[in-house]
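Not measured: the values here are computed from a predicted model. Heavy atoms only: backbone and side chains are in, while hydrogens, waters and symmetry mates are out.
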Amino acid sequence: MVFLRARDRRGSLRSRAGRSLLGGTEFPARGNGLSPAGNAASCTVTASGPGCWPCCGPWNWAALLSLPAMKWLWVVALVAPAFTAPYNSTAGTRDGDNRDRGRCTLQHGTLGTEVLLRCPAAAGGPAEWHQGDTVLGTFPAPGLALPNASLAHEGYYSCHHPGTGETWATICLRLGYPPALPAMECWAISYPQAVNCSWALAPEPLLDTDFVATYRHGVGGDTEQGECVPTGPRSCSFGDLQVFSLTPYVLNVTALNPLGTASHLLPFLLENIIKPDPPEDLQVSPIPGETKKLLLEWSPPGSWPFPEYFPLKYLIRYAQEGGSVTKTIGPYEQTSHILTEVPPGTLHHIQVAAKDLTDSGEVSAWSLPASGTPWMEP
């Protein structure tokens with residue numbers, strides 16, 4: 001598997017007040033085959049996206065490596081789709097035999113298609129085939145065909161001389177799907193420090209699948225690429241953002257497994273993807289002497305780095321215990337609020353959500369609920 005990483009062109013950030021933050025950084029004022037042979041590479045671009053990154057055949061990276069704008073930082077060796085390796089799986093055997101099957105040739109196939117297992121030593125003649133310890137029978141060249149392959153076909157196979165029983169070859173069959181186009185989303189939950197992105201594949205490939213994630217600021221072919229640093233198996237993040245820029249960022253995620261590749265692009269403007277995490281530490285308290293009021297207090301999300309320079313506004317929703325009506329009020333710029341006209345002696349459940357003060361991006365998810373009852377006479 002080849003992983004390619006590149007460094008991005010650095011931007012600058014300034015505060016509204018023009019003061020320096022983070023060690024001198026400032027903010028500006030705010031305003032389908034059985035093996036890779038013969039497979040065609042897939043490279044799809046969203047309708048609004050720019051031209052596609054070059055992505056050659058499933059295991060041909062020559063064009064990708066030749067990109068003049070790329071500064072590759074490291075490369076990990078590519079694993080070929082068919083090789084000889086130890087295999088101890090009992091999948092596909094009927095007797096549950098756990099004995100070491102020794103060394104076998106790993107072959108991958110696509111579920112729901114016809115998979116052909118070949119026995120080169122048969123030299124064009126018939127061969128006796130086994131699945132695990134079960135004799136399947138003698139089959140003519142070119143080999144054993146598995147129509148409409150299912151997960152039940154996975155496992156250990158061997159071909160033998162039909163007369164002497166001599167073992168000619170062993171095959172370990174793994175089945176799954178080529179990777180689908182990654183479905184991606186990106187959010188600036190810690191604006192303006194970083195963008196967090198994640199993706200999913202449907203259907204799941206059911207095979208080991210690796211991902212290469214890069215981004216660039218701009219749609220031109222000469223725009224320098226940067227690494228989207230992995231934060232999980234299917235997520236990454238990048239920083240050094242240029243705020244208030246009208247030039248879009250573009251995320252490129254390529255999924256690779258032994259059955260193929262799929263690449264997808266996601267362009268976006270930074271301010272359009274602002275989405276804070278939910279507020280934290282919501283507290284609901286009675287106010288002494290006030291039988292129809294509740295005091296609500298909370299904190300900005302801890303992932304929002306500069307609430308004093310990039311303030312948030314807040315929505316509140318609440319409902320009475322056992323009631324069927326939920327009310328939403330706000331937005332408010334403060335991190336506290338007095339809820340009035342609360343029926344005396346009633347328990348209320350309350351949540352808070354946050355959004356950028358200038359209305360950029362989207363509202364956060366709702367906070368964890370907190371509950372409280374107005375003050376009651378002793």
Side-chain angles (χ1 to χ4, degrees), residues 1-13 22 25 41-46 48-56 61 63-65 67-76 78 179-202 205 208-243 245 247-257 261-277 303-305 361-362:
M1 190 64 52
V2 177
F3 291 93
L4 307 173
R5 297 189 175 186
R7 193 176 303 278
D8 66 311
R9 183 176 291 119
R10 303 302 181 186
S12 64
L13 303 176
L22 296 179
T25 302
S42 61
C43 197
T44 303
V45 187
T46 56
S48 61
C52 185
W53 271 264
C55 51
C56 311
W61 287 83
L64 189 58
L65 290 173
L67 282 177
M70 305 294 269
K71 295 181 181 179
W72 308 117
L73 300 186
W74 53 271
V75 178
V76 181
L78 175 66
L181 294 177
M184 304 177 292
E185 64 176 12
C186 291
W187 297 109
I189 64 174
S190 54
Y191 178 87
Q193 278 192 332
V195 168
N196 297 80
C197 301
S198 61
W199 55 88
L201 301 181
D208 290 340
T209 300
D210 294 292
F211 301 91
V212 178
T214 60
Y215 76 96
R216 62 185 183 184
H217 188 206
V219 297
D222 59 348
T223 305
E224 188 174 0
Q225 305 247 357
E227 176 198 8
C228 193
V229 180
T231 56
R234 298 185 182 184
S235 62
C236 65
S237 69
F238 62 90
D240 299 308
L241 305 174
Q242 296 185 22
V243 299
S245 171
T247 301
Y249 285 86
V250 182
L251 177 73
N252 180 27
V253 175
T254 300
L256 314 93
N257 73 18
T261 67
S263 185
H264 208 185
L265 306 179
L266 177 65
F268 55 85
L269 293 175
L270 177 59
E271 273 66 38
N272 287 350
I273 64 162
I274 295 175
K275 186 177 181 179
D277 280 331
S303 56
W304 194 257
E362 295 195 12

Query raised in the report: So, does His264 use its side chain to make a donor-acceptor pair with the main chain of Ala183 at under 3.5 Å?
Result: no
Calculate, to the nearest 0.5 Å, the distance between atoms [atom1] and [atom2] belonging to [X] and [Y] respectively.
X: Asn272; Y: Trp187; atom1: CG; atom2: CH2; result: 9.5 Å
X: Ile189; Y: Lys275; atom1: CD1; atom2: NZ; result: 10.5 Å
X: Glu185; Y: Ser235; atom1: CD; atom2: OG; result: 11.0 Å
X: Glu227; Y: Ser237; atom1: CD; atom2: OG; result: 9.5 Å
X: Leu270; Y: Thr247; atom1: CG; atom2: OG1; result: 11.5 Å
X: Asn252; Y: Ser263; atom1: CG; atom2: OG; result: 4.0 Å

[X] and [Y]: which non-hydrogen atoms are nearest, and at how many Å?
X: Thr231; Y: Cys236; value: OG1-N, 3.4 Å
X: Ser245; Y: His217; value: OG-NE2, 3.2 Å
X: Asp277; Y: Ser303; value: OD2-OG, 2.6 Å
X: Asn257; Y: Pro205; value: ND2-CB, 3.6 Å
X: Pro182; Y: Leu201; value: CA-CD2, 3.6 Å

Report summary line: side chain to side chain contact (heavy atoms under 4.5 Å, CB included) with Tyr249: of Val195, Leu241, Leu266, only one passes, and it is Leu241
Query raised in the report: Do Cys228 and Val253 pass the side chain to side chain contact (heavy atoms under 4.5 Å, CB included) test, and can you show the C-alpha distance, the side-chain angles, and the key distance before you say yes or no?
Result: CA-CA 9 Å; Cys228 193; Val253 175; over 6 Å; no
Query raised in the report: SG of Cys186 to SG of Cys197, below 2.5 Å?
Result: yes
Query raised in the report: Of all residues at least two apart in sequence or in a different chain, which pass the ring pair (Phe, Tyr, Trp, His ring centres under 6.0 Å) check with Trp199?
Result: Phe211
